[in-house]
Trainee: 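So that we are looking at the same thing, I have put the structure below in structure tokens.
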Amino acid sequence: MDFVLTLNDFVKTFIGLAASEGQKARFIQIGAGPHFSPFAPFLDRLAGYVVDPLLEEGHDSRYVGVRAGIGRGMGVTRLRHLDETAINNGLLPARFRELRSFGLISMLDSGGWLAGMCPNEETRAAIRMLVRETLVACMPLRYLVGRYGIGATDMLAISTAGTELEILEQLSDLPSPPRGLLVDVENLTLIQRQKVMDIFVARNYRPAWISQDLLAGFHDPIREMRRHVPALRQAASLRGQAPAALATLLADCADDLGQPTELERLNTIIDLVEAGRIEDTAPLVEVLVSRTRDREVLQQQLGPLIAEAIRQRAMYVEQGDEARIETMQRIIASLYDKCPAANRWAMGRSTAQLKEPAAARYAHLVLAHEPDDVMALHMAARFATATGLKDEELALRRRFMAQQTDRLLQMYNCLRLIWFYLHGPLNEQTKAAIMHCRNLPLRQSRALYGDPSLQIAHDHCELMLDCLDLDFLNHPQDVAIQPLLLHDHRGRRLDLDQVRQEALREGVRTVLLAAGDDLYLDRYARSFAKSALANSDEPIMVVLHAIGGRDRIEDIAARIGVISERLYYSADDFDDAPYRYTTVNNECTFEKPVAHYQCVRFDVADSLLQGLGLPVIAADIDTLVLGGTSSLSARTDDVILNFNPLATGFAALITANLLRLRPTPGARRFMGAVRAYLRGELAKPKITRWIDQVALLMAKLHCEQNRTPVIIGGFEEKDINNTIYLRFDNYSIRFLSLYSTFDLNSIPAAYR
């Protein structure tokens with residue numbers, strides 16, 4: 001093929017190859033979405049798959065749309081996108097409104113096209129603050145082709161705004177090599193582009209530069225060509241072989257290669273740093289500094305070089321390489337005055353890459369010169385938490401709270417300080433410190449944010465601060481248990497004494513409980529009950545509680561359709577119509593009493609515990625029971641909670657998706673505290689969605705503070721996952737929690 005092609009020519013080439021074999025051309029397009037598909041004009045001659053994590057529901061029916069990202073493993077990952085503010089305030093042109101990427105942060109700093117649009121570090125920092133995250137499904141390429149039965153492919157197009165190389169490296173997972181590859185390298189560094197070229201050459205593909213609108217005026221052709229410097233070295237061979245206008249542009253560009261722009265010089269320096277050849281950058285930096293016209297911009301752009309030099313100097317110190325230490329020191333000394341923001345830049349970059357030790361090191365360097373720098377205090381405190389430096393964290397967070405900063409960030413820091421204290425004895429000094437933290441100027445009138453997500457985060461933080469009720473810890477009031485009625489698998493009402501006698505005759509040792517409204521019952525109840533009954537290794541009883549379904553038990557039982565003498569139903573007459581308050585978590589707002597739905601299991605579990613005198617395991621209804629419960633029944637703990645030791649928010653210390661209770665006085669006291677706390681919280685007009693987890697935490701703190709004789713244990717890792725899985729793959733854990741992104745079609749047929 002020719003060295004330079006239009007995109008249409010490229011697609012037509014492979015359509016022609018397939019047509020010669022009497023069939024449509026087959027393609028896989030990863031990223032870019034249907035509106036930007038390079039194949040859109042030719043869909044009547046194509047058959048294929050478009051893979052995009054945020055693919056619109058109404059995608060073109062002529063191809064298969066797959067709503068997922070492609071990565072190296074299965075799971076859920078974070079897709080980053082720009083907030084509308086980045087467009088509305090003119091930071092970026094409107095055509096970047098739809099920009100979405102797994103690597104959006106690194107694109108701002110890689111020297112690629114996005115960084116080129118905003119070369120000033122302050123502008124990039126402002127844009128980074130406007131980057132939002134969305135959880136999306138992600139799968140490796142081998143799973144995509146296996147799941148959808150994809151065979152031989154004529155074309156593979158990859159345009160994923162920064163992760164093209166990661167996907168291209170999975171090329172061997174395709175059942176057969178595609179005839180042509182279309183890879184967007186606009187968002188890759190020169191080093192990454194060279195790796196793409198190496199893959200092309202190693203697999204006998206002939207690289208070509210493809211341009212969708214080379215002469216259409218949408219881009220500046222000369223500027224676009226400059227990004228392909230290695231390829232343009234061959235441009236002279238096209239003289240006389242291409243259309244006159246194109247040949248002239250190529251020739252002019254090739255002749256100008258000896259005079260690279262400042263951005264190209266900087267990209268070369270950064271690429272050398274990424275390749276570990278930092279010593280080679282010194283002469284290039286000198287040339288760049290001597291020729292630059294915008295010294296302020298240059299000072300910011302040299303941040304990556306300084307940060308990497310500092311990192312490598314530390315590495316050489318560990319290795320004892322005196323010669324290289326001296327070289328690094330010379331580079332740092334000669335350039336540091338040209339880049340005073342280097343440590344702050346390096347701290348932000350390390351934070352974005354989740355390299356907390358490096359970020360903390362740079363944070364301390366910043367604090368040495370600017371002791372009240374808010375972000376440095378925040379980062380250093382985070383690292384102190386991760387490494388168990390409690391005294392250091394306490395000092396840093398108190399310094400942070402004394403600064404005048406963004407109210408939202410201050411509340412986050414406040415919540416983290418509360419989390420820190422809750423890990424120690426809750427004595428008077430601890431309580432005084434928490435109250436001091438809560439009483440800082442956070443009670444001002446409700447802030448107004450133009451960004452709805454920031455408003456939600458603000459409301460979430462305030463609710464989390466409010467729900468830590470220290471007075472409750474000293475004076476809880478037990479609340480009467482609601483009477484409970486049970487029904488058999490056909491929906492027939494039973495007396496509680498009958499159920500107790502039947503359980504005694506059958507030798508039932510454990511009651512498994514799950515609760516949900518109509519939507520959750522229809523979606524998950526059948527799988528929960530069937531998996532529990534199939535995998536029990538002891539006589540169990542399964543109870544499904546229908547929220548608000550007291551008058552419809554027979555219909556609900558018929559709809560679920562599981563027939564078993566060990567399956568029972570309970571229900572309440574809860575009516576959500578009178579509720580007009582908001583339930584908030586850190587991602588969204590619910591205009592319905594979600595918190596009530598989540599907490600009803602505690603009332604039902606306590607009623608079953610005292611009415612049947614049997615151990616009760618309460619689980620989320622969107623759960624598969626994959627193992628028996630006998631080993632849990634044998635444990636002597638009064639209460640078993642699902643602790644989450646890696647969580648960094650105090651409300652997440654306990655995850656409420658699993659709870660086991662024994663019919664003991666200790667368990668009854670514990671649940672009495674849970675009920676008393678929830679009666680007060682659920683009556684408020686606005687409440688956090690995590691109130692069920694907070695209730696378990698408050699009950700635990702109450703029992704500890706009052707030295708209540710209750711044995712509280714924790715589930716083991718093999719009992720339940722705290723990770724989002726996308727499908728059933730025969731996991732070895734006892735309880736598999738399903739989430740909204742779970743592929744219900746992957747559940748074994750026996751549980752459906």
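Everything numeric here is computed off the predicted structure, so don't read it as measured data. Each residue takes its place number in the sequence, starting with 1.
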Trainee: List the atom of Phe742, the atom of Phe728, and the distance in Å for their closest heavy-atom pair.
Mentor: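 Closest pair (atom of Phe742, atom of Phe728, distance): CZ-N, 3.2 Å.
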
Trainee: Side chains of Val66 and Arg147: closer than 4.5 Å at any heavy-atom pair?
Mentor: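 Contact flag for Val66/Arg147 side chains = no.
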
Trainee: In Å, rounded to the nearest 0.5 Å, how long is the span from CG of Leu171 to CD1 of Ile158?
Mentor: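 The CD1 atom of Ile158 is 7.0 Å from CG of Leu171, to the nearest 0.5 Å.
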
Trainee: Would you check if the side chain of Thr153 reaches a backbone N or O of Pro178 as a donor-acceptor pair within less than 3.5 Å?
Mentor: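 Pair absent, no side-chain N/O of Thr153 close to backbone of Pro178.
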
Trainee: What distance separates Thr655 OG1 from Ile720 CD1, expressed to the nearest 0.5 Å?
Mentor: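 Between Thr655 OG1 and Ile720 CD1, I get 8.0 Å after rounding to 0.5 Å.
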
Trainee: Quick one: does Glu717's side chain have a donor or acceptor within less than 3.5 Å of a partner on Ile733's backbone?
Mentor: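 Such a contact is absent between Glu717 side chain and Ile733 backbone.
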
Trainee: Taking Arg26's backbone N and O only, do any of them form a donor-acceptor pair with Asp154's side chain (distance below 3.5 Å, no angle check)?
Mentor: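 Yes; judged by distance alone, with no hydrogens or angles, the pair exists.
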
Trainee: Side chains of Leu181 and Ile199: does their closest heavy-atom pair fall under 4.5 Å?
Mentor: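 No, every pair of side-chain atoms sits at 4.5 Å or beyond.
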
Trainee: Any donor-acceptor pair under 3.5 Å linking the side chain of Gln29 with the backbone of Gly31?
Mentor: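 Yes, because the side chain of Gln29 sits within donor-acceptor range (under 3.5 Å) of the backbone of Gly31.
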
Trainee: What verdict does the side chain to side chain contact (heavy atoms under 4.5 Å, CB included) test give for Tyr731 and Asn721, after you've listed the backbone C-alpha separation in whole Å, the side-chain angles of each residue and the deciding distance to 0.1 Å?
Mentor: CA-CA 10 Å; Tyr731 294 105; Asn721 64 293; over 6 Å; no

Trainee: Where is the tightest heavy-atom contact between Tyr49 and Tyr148, given as atom of each residue plus distance?
Mentor: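 Between these two residues, the closest heavy atoms are OH-O, 3.4 Å.
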
Trainee: What heavy-atom pair brings Gly71 and Gln170 nearest, and what distance separates the two atoms?
Mentor: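 Heavy-atom minimum between the residues: O-NE2, 2.9 Å.
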
Trainee: Over all heavy atoms of both residues, which pair between Ala47 and Lys24 is shortest? Give the atoms and the distance, please.
Mentor: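 Minimum heavy-atom contact is N-CB, 4.2 Å.
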
Trainee: Taking all non-hydrogen atoms of both residues, which atom of Ala380 and which atom of Ala363 are closest, and how far apart?
Mentor: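 Looking at all heavy atoms of both residues, the closest pair is N-CB, 4.1 Å.
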
Trainee: Working to the nearest 0.5 Å, report the span between NZ of Lys195 and CG of Leu165.
Mentor: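 One gets 6.5 Å once the value is rounded to the nearest 0.5 Å.
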
Trainee: Step by step, would you call Leu744 with Leu738 a side chain to side chain contact (heavy atoms under 4.5 Å, CB included)?
Mentor: CA-CA 9 Å; Leu744 294 177; Leu738 315 180; 4.1 Å; yes

Trainee: Step by step, would you call Leu726 with Asp743 a side chain to side chain contact (heavy atoms under 4.5 Å, CB included)?
Mentor: CA-CA 6 Å; Leu726 292 185; Asp743 181 4; 5.9 Å; no

Trainee: Would you indicate whether the side-chain heavy atoms of Asp173 and Val145 approach each other to under 4.5 Å?
Mentor: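 No, side chains not in contact.
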
Trainee: Is any side-chain heavy atom of Thr160 closer than 4.5 Å to one of Ile70?
Mentor: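 Not in contact.
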
Trainee: Quick one: do Asp184 and Glu164 satisfy side chain to side chain contact (heavy atoms under 4.5 Å, CB included)? Show the steps, please.
Mentor: CA-CA 7 Å; Asp184 183 358; Glu164 288 84 358; 4.1 Å; yes

Trainee: Supply the atom-to-atom distance Leu141 CG to Glu169 CD, rounded to the nearest 0.5 angstrom.
Mentor: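 The distance works out to 12.0 Å.
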
Trainee: Closest approach of Pro175 and Gly151, non-hydrogen atoms and distance?
Mentor: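 Closest pair (atom of Pro175, atom of Gly151, distance): CG-O, 3.6 Å.
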
Trainee: I'd like to check Leu156 versus Ile167 (side-chain heavy atoms, cut-off strictly below 4.5 Å). Are they in contact?
Mentor: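 With C-beta onward as the side chain, the pair stays apart.
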
